[in-house]
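See structure below.
Computed from a predicted model, the values in this text were never measured in an experiment. Quick note: residue numbers are just sequence positions, from 1.
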Amino acid sequence: MNPSMPKSVSYEDRCLIFLDQTQLPNDVVFEEQTSIEQVWHSIKMLKVRGAPAIGVAGAYGLFLGARNLLSKTPKISAENFILELNKIADYLDSSRPTAVNLKWALKRMLKSANKNASKNVHEICNLLEHEAIRIHEEDKKLCRKIGENGLPLIKNGMGILTHCNAGALAVSELGTALAPIYLAHEKGIKLKVYSDETRPLLQGARLTSWELMQSGVDVTLITDNMAAHIMSQGHIQMAIVGADRVASNGDVANKIGTLGVAILAKYFNIPFYVACPFSTIDLKTPTGKEIEIEERGAEEVCHFGGRRTAPEKIKVRNPAFDVTPHHLVTGLITERGLLPYPYAEKIMELYRDA
Ligand code: MRU
């Protein structure tokens with residue numbers, strides 16, 4: 001992968017910086033985050049987006065909130081400090097409901113605070129900073145591992161379809177769905193990526209095609225409704241997507257339109273893989289039915305390129321994600337290995353071993 005790819009989240013000289021992905025591919029703009037309200041807004045507006053990246057952003061956001069709280073009330077008791085941290089975590093968590101990585105990272109940060117509750121508040125805050133950095137560093141490592149575990153699936157000459165953006169921009173480095181693709185490309189394996197445009201916010205067009213081009217990967221952009229035709233012509237040998245949450249039975253929530261790709265893949269007998277960190281698997285969610293699907297504003301559907309494209313007052317639905325039933329998934333690619341379908345039992349085993 002091109003080493004000068006801009007990072008979605010960086011923490012340098014104790015400053016939290018997000019790449020504003022809403023401005024890609026036209027402008028590469030970084031924005032320093034100084035308050036929890038700003039972090040909330042950046043997550044809500046998809047300036048920072050992609051399940052693992054919003055987990056990392058949320059972890060740093062919680063630390064930022066803790067640091068700001070201490071600069072206003074340096075004499076706060078540890079008990080009240082932790083109470084406030086819980087409120088900040090709830091607030092940050094309310095920015096987007098579907099990706100479990102945000103909840104997971106915030107929970108992990110709170111666990112660190114609770115574990116150190118007997119220490120002084122400034123020490124608790126320093127430990128929160130370390131925990132956020134650890135979550136960030138771990139994400140980089142596990143993405144590489146996902147790439148290594150998915151690499152054997154990629155054969156010379158393959159056409160690979162992906163939907164939305166599960167690349168470097170959605171994580172700390174490399175990506176999940178795009179990680180095996182980057183590694184294959186580095187090894188000189190010839191492949192062709194087809195990137196679904198991903199209506200309504202065009203993550204495929206604006207982000208996936210942009211980041212793959214930065215690294216010289218052969219990528220072709222198609223609109224979402226072209227996928228069936230391209231598959232029918234034999235151009236696709238595998239589909240790989242990311243995930244926002246995997247229920248314990250293996251159902252997968254991912255960007256709206258993923259279910260359509262999975263159904264098409266089944267029809268055309270094309271393997272359909274989901275790549276995600278293990279933390280995207282949520283044992284507390286038994287099946288896809290229990291996953292809360294974020295519903296976003298009508299303006300995203302009624303406008304295109306800043307121009308209104310539907311009648312005023314038209315009724316609109318805008319679910320941001322859909323659920324692919326586990327039986328349509330050929331396998332899960334995680335940092336702990338490639339889990340072929342049926343993988344629900346294996347998930348439980350890996351959890352027990354952890
Ligand atoms: O709404 P977004 O852009 O945050 O949706 C992102 C996706 O659906 C990704 O496929 C998913 O988060 C996996 S990212 C590695």
Side-chain angles (χ1 to χ4, degrees), residues 6-23 29-74 76 80-116 121-140 142-143 168-173 244-245 277 279-280 282 292 294 296 320:
K7 302 267 180 284
S8 54
V9 178
S10 37
Y11 185 65
E12 286 160 21
D13 302 327
R14 309 197 80 207
C15 291
L16 177 59
I17 295 157
F18 294 165
L19 168 67
D20 180 356
Q21 298 190 31
T22 62
Q23 303 205 40
V29 176
F30 296 95
E31 203 179 80
E32 187 183 344
Q33 309 291 302
T34 56
S35 67
I36 51 165
E37 290 76 17
Q38 192 186 2
V39 171
W40 186 93
H41 189 259
S42 297
I43 296 175
K44 179 78 186 171
M45 300 316 291
L46 275 59
K47 289 184 178 192
V48 60
R49 46 143 303 279
I54 64 175
V56 173
Y60 280 122
L62 187 74
F63 159 65
L64 194 68
R67 192 171 68 184
N68 290 351
L69 183 65
L70 282 190
S71 68
K72 277 193 222 131
T73 51
I76 190 169
N80 286 339
F81 184 56
I82 289 176
L83 273 178
E84 290 303 318
L85 292 181
N86 275 279
K87 286 187 205 157
I88 296 172
D90 286 347
Y91 169 68
L92 289 172
D93 188 37
S94 71
S95 56
R96 295 196 78 188
T98 306
V100 77
N101 308 60
L102 178 59
K103 277 185 207 329
W104 171 85
L106 291 168
K107 232 164 90 186
R108 192 166 141 180
M109 292 290 285
L110 288 178
K111 197 167 158 196
S112 152
N114 283 318
K115 202 173 75 194
N116 296 300
V121 285
H122 297 273
E123 253 179 280
I124 301 176
C125 188
N126 284 342
L127 291 164
L128 283 176
E129 182 180 27
H130 290 143
E131 190 66 5
I133 294 172
R134 234 187 326 266
I135 289 172
H136 194 180
E137 290 305 315
E138 282 172 17
D139 190 55
K140 291 180 192 165
L142 67 85
C143 285
L169 292 167
V171 299
S172 307
E173 235 170 58
D244 286 81
R245 194 184 307 199
S279 57
T280 304
D282 181 19
E292 184 183 348
E294 176 184 8
R296 296 183 62 87

Practice prompt. Show your working on side-chain contact (heavy atoms from CB on, under 4.5 Å) between Arg49 and Lys47 and close with a plain yes or no.
Written response: CA-CA 6 Å; Arg49 46 143 303 279; Lys47 289 184 178 192; over 6 Å; no
Hey, can you pull the donor-acceptor pairs under 3.5 Å for the side chains in residues 50-65, sequence neighbours left out?
{"residue": "Tyr60", "atom": "OH", "partner": "His136", "partner atom": "ND1", "Å": "2.8"}

Worksheet item: Quick check: are there more than 12 heavy atoms from other residues, nucleotides or ligands sitting under 6.0 Å from NE2 of His122?
Response: yes
Quick one: [atom1] on [X] to [atom2] on [Y], what's the gap to the nearest 0.5 Å?
{"X": "Ser112", "Y": "Leu128", "atom1": "OG", "atom2": "CG", "answer": "5.0 Å"}
{"X": "Lys103", "Y": "Ser279", "atom1": "NZ", "atom2": "OG", "answer": "13.5 Å"}
{"X": "Ser10", "Y": "Phe30", "atom1": "OG", "atom2": "CZ", "answer": "6.5 Å"}
{"X": "Tyr11", "Y": "Ile133", "atom1": "OH", "atom2": "CD1", "answer": "5.5 Å"}
{"X": "Glu12", "Y": "Lys7", "atom1": "CD", "atom2": "NZ", "answer": "9.5 Å"}
{"X": "Glu137", "Y": "Glu173", "atom1": "CD", "atom2": "CD", "answer": "8.5 Å"}

Quick one: are [X] and [Y] in side-chain contact, heavy atoms under 4.5 Å?
{"X": "Leu69", "Y": "Ile76", "result": "yes"}
{"X": "Ser94", "Y": "Trp40", "result": "yes"}
{"X": "Ile36", "Y": "Asn68", "result": "no"}
{"X": "Leu70", "Y": "Val121", "result": "yes"}
{"X": "Leu16", "Y": "Thr34", "result": "no"}
{"X": "Gln38", "Y": "Glu31", "result": "yes"}

Discussion item. Among Ile88, Ile82, Leu83, which residue satisfies the side-chain contact (heavy atoms from CB on, under 4.5 Å) criterion with Asn86?
Written reply: Ile82
Worksheet item: side-chain contact (heavy atoms from CB on, under 4.5 Å) with Val48: which of Leu169, Ile43, Leu19, Asp20?
Response: Ile43
Fill in: Check against side-chain contact (heavy atoms from CB on, under 4.5 Å), Leu127 and Lys115
CA-CA 10 Å; Leu127 291 164; Lys115 202 173 75 194; over 6 Å; no
Worksheet entry | Pair Glu131 + Lys111: basic N to acidic O under 4.0 Å | no
Worksheet item: Do Lys87 and Glu84 meet the salt-bridge criterion of a basic N to acidic O distance under 4.0 Å?
Response: yes
Item to complete: Determine, stepwise, if the pair Arg108 / Glu138 fulfils salt bridge (charged side-chain N to carboxylate O under 4.0 Å, His left out).
Response: CA-CA 13 Å; Arg108 192 166 141 180; Glu138 282 172 17; 2.7 Å; yes
Worksheet item: Between Ala132 and Met109, what is the shortest heavy-atom contact and its length?
Response: N-SD, 3.7 Å
Worksheet item: If you take all heavy atoms of Ser95 and Lys44, which pair is closest and at what distance?
Response: O-CD, 3.3 Å
Item to complete: Determine, stepwise, if the pair Phe18 / Gln33 fulfils side-chain contact (heavy atoms from CB on, under 4.5 Å).
Response: CA-CA 7 Å; Phe18 294 165; Gln33 309 291 302; 3.3 Å; yes
Item to complete: Output yes when a side-chain donor or acceptor of Arg296 lies under 3.5 Å from a complementary backbone atom of Ala320, and no otherwise.
Response: no
